[in-house]
Student: 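Take this structure, written in structure tokens, and hold onto it; I'll ask about it next.
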2 protein chains.
Amino acid sequence: MRIQKASLKNIVIERIKNYISENNLKPNDKFLTEKMLTEQLKVSRTVVREALISLQAVGILMIKPGGGIYIADTKLGSIHTILKHHYETYGVKIRELVEIRKILELGALRLIIEKQVPLDIDQLKEINESYHQTIKNNEDTKKFDRLFHQSLIKATDNATFFNFSEIIHEYFSLVKIDLIENQEALIRSYEQHNEIVDAIRDNDLVHAQKTMTDHFEPIFTFIKQMEEES
Amino acid sequence: MRIQKASLKNIVIERIKNYISENNLKPNDKFLTEKMLTEQLKVSRTVVREALISLQAVGILMIKPGGGIYIADTKLGSIHTILKHHYETYGVKIRELVEIRKILELGALRLIIEKQVPLDIDQLKEINESYHQTIKNNEDTKKFDRLFHQSLIKATDNATFFNFSEIIHEYFSLVKIDLIENQEALIRSYEQHNEIVDAIRDNDLVHAQKTMTDHFEPIFTFIKQMEEES
DNA sequence: AATGAAAATTGGTCTGACAATATTATAACT
DNA sequence: AGTTATAATATTGTCAGACCAATTTTCATT
């Protein structure tokens, strides 16, 4: 592997990143204009623009045509582009993503119980009741199902873990999967949610993880079936 | 939120991504040249270049000065750029990263044992012996420690899991942490590695996970100490 | 056939101009 | 004075052409 000689553009990128760091600029802060940068860095507008565009692409800056340049408030926004491309290029196996999700959710349960984080049991129950409603009304159930699992992860009091999980979830949602979900299976899913919440309330990690494992079982069965067919 | 009118640059970006998809281009494949793109898309070189630079920034293309443009060989590596910036801007708590690492490694052990993946026990032992050597010789121990944990994750037969774990690991390595590592503690670490390998060989998940938990304990103690001081 | 110099190709940087969009200043009106 | 419509200005987007730097290709020489 050859060491890439630093192009002017890359130097400017580094200087801009440092500038942001040193001046402690925060999301939505106004940044310098192209003109100011060309003058201060003494490079052509071309180079400045290319550096700015790179930084916009990775979600560090936000360029408003005619209105200036701002620090982006990226909540993983640009990561989506990368995941999508990665998925389309390498074709990730669903099984791999489900395995990861299971690991994360089992881990979340352990964190919640071991750390004894303050947890709003009622809120979880409430979300699950909404889930129950959509099931009974034959509406789209995904929203509340996801909200329930999101809330569990969020309860771990670990923002990085939450962000990371969201990335995985985002990735997972790229994969089209037609899991047959009859009413019966959904009701069972609802009951498992409740069982998990109860286990958390009782500080019963083993039970919580066992139920979560059961909760994941149908999708693994489905995947195994799919893999056998192909 | 206003819907951003598509700039020429963004249109070109979309068309290039589609082109890659449709022609099923794979990493390291040669892509079109700037000249070809300007002619075929009938836009200025400026626009083409800015689009290409955006796609390079997110790890979709790789531009070789003088040598052409290629499909990038990205293993989610460009996510690292984003996380790094995120870390430098918002600051991440070490505790959060260590918690995630623990979750991932406990999860890896479960995957390995539950799936009964073919596993080269001897190789793991060998790596750990090299680790032992560096400890005894007072050399830098990090390399083989990391290699050991990497090998565990790799053994799960889940490439996506491995890629994401690597991202966390890289993220973690950004954080400077001065864990006091005396010879005694390192030897204990070495022994735990061996114990984990033996537990895997014996399909003893509980023991493996218990040992791994112990393995993480010193760093949690250290972090707690640090948090109390500040 | 192997080598090495010359030519052509390709991406990097510069300059200057005009267009499209957003912001600011000004003028007109109530 | 305050509001609103309009004009002026500032800022980013796109274009064209030129030259530089790195790489690849061509081809004459050995």
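In what follows, chains carry the letters A, B, and so on, assigned in the order in which the sequence lines appear, proteins first and then strands, with residues in each chain numbered from 1.
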Student: Counting only side-chain heavy atoms from C-beta out, which of D:dT12, D:dA16, D:dG13 sits nearest to B:Ser44?
Tutor: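 Comparing D:dT12, D:dA16, D:dG13 against the side chain of B:Ser44, the answer is D:dA16.
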
Student: Have a look at B:Leu52 and say if it touches a base, only the backbone sugar-phosphate, or nothing, with a 4.0 Å heavy-atom cut-off.
Tutor: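 Nothing, no nucleic acid heavy atom in range.
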
Student: What is the separation between atom CD1 on B:Ile69 and atom C1' on C:dT10, rounded to the nearest whole Å?
Tutor: 9 Å

Student: Between A:Arg49 and D:dG13, is there a contact of a side-chain N or O with OP1 or OP2 at under 4.0 Å?
Tutor: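 Yes, within the criterion.
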
Student: Can you tell me which nucleotide in D:dT14, D:dG13, C:dT13 comes closest to the side chain of B:Arg45?
Tutor: C:dT13

Student: Has A:Lys115 got a side-chain atom pairing as donor or acceptor with A:Thr156's backbone, closer than 3.5 angstrom?
Tutor: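 Such a contact is found between A:Lys115 side chain and A:Thr156 backbone.
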
Student: Could you tell me whether a side-chain N or O of A:Ser130 sits under 3.5 Å from a main-chain N or O of A:Glu126, the two making a donor and an acceptor?
Tutor: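 A pair under 3.5 Å: yes.
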
Student: Would you sort out whether A:Thr141 and A:Tyr190 count as a side-chain hydrogen bond (donor to acceptor under 3.5 Å, both in side chains), showing the intermediate values?
Tutor: CA-CA 10 Å; A:Thr141 57; A:Tyr190 154 75; over 6 Å; no

Student: Atom CD of A:Glu39 and atom C1' of D:dA10: how far apart are they, to the nearest Å?
Tutor: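 Value for this atom pair: 13 Å.
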
Student: Whole angstroms only, please: what is the CD-P distance between B:Gln56 and C:dG12?
Tutor: 7 Å

Student: Does B:Glu99 pair with B:Lys102 as a salt bridge, N-O distance under 4.0 Å?
Tutor: no

Student: Give one of base, sugar-phosphate or nothing for A:Gly67, where a contact means two heavy atoms less than 4.0 Å apart.
Tutor: sugar-phosphate

Student: From CZ of A:Phe31 over to C1' of D:dT11, roughly how many Å is that when rounded to an integer?
Tutor: 15 Å

Student: Using a strict cut-off of less than 4.0 Å between a Lys/Arg side-chain nitrogen and an Asp/Glu carboxylate oxygen, indicate whether B:Arg146 and B:Glu166 qualify as a salt bridge.
Tutor: yes

Student: B:Lys35 has an atom NZ; how far is it from atom P of D:dT24, in whole Å?
Tutor: 18 Å

Student: Would you say D:dT24 has OP1 or OP2 under 4.0 Å from some side-chain N or O of B:Lys64?
Tutor: yes

Student: Starting at CE of B:Met62 and ending at C1' of C:dG11, how long is that distance when rounded to a whole Å?
Tutor: 13 Å

Student: Could you work out how much the helix from C:dA1-D:dT30 to C:dT30-D:dA1 bends, comparing the axis of its first five pairs with that of its last five, to 10°?
Tutor: 0°

Student: Check this for me: does any side-chain nitrogen of one of B:Glu129 and B:Lys125 sit under 4.0 Å from a carboxylate oxygen of the other?
Tutor: no

Student: Look at the side chain of B:Glu34 and decide which nucleotide, out of C:dG11, D:dT12, C:dC14, has an atom nearest to it.
Tutor: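 Side chain of B:Glu34 sits closest to C:dG11.
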
Student: At 4.0 Å (heavy atoms only), tell me whether B:Thr33 reaches a base, stays on the sugar-phosphate, or touches nothing.
Tutor: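 Here B:Thr33 touches the backbone only, sparing every base.
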
Student: Specify the separation, in whole Å, of atom CG of A:Leu37 and atom P of D:dT12.
Tutor: 9 Å

Student: Taking the side chain of A:Lys9 as its heavy atoms from C-beta onward, which of C:dG12, D:dT14, C:dT13 lies nearest to it?
Tutor: C:dT13

Student: Between C:dT13 atom P and B:Glu50 atom CD, what is the distance in whole Å?
Tutor: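 Distance, rounded to whole Å: 13 Å.
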
Student: A quick test of your reading: do over 12 heavy atoms of other residues, nucleotides or ligands sit less than 6.0 Å from NZ of A:Lys26?
Tutor: yes

Student: Quick check: on DNA chain C, is the nucleotide nearest B:Met36 upstream (toward 5') of the one nearest A:Tyr70, or the reverse? Name the residue that is more 5'.
Tutor: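 In this pair, the answer is B:Met36.
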
Student: Okay, side chain of B:Asp73, backbone of B:Asn28: is any donor-acceptor separation there less than 3.5 Å?
Tutor: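 Here the side-chain-to-backbone pair does not exist.
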
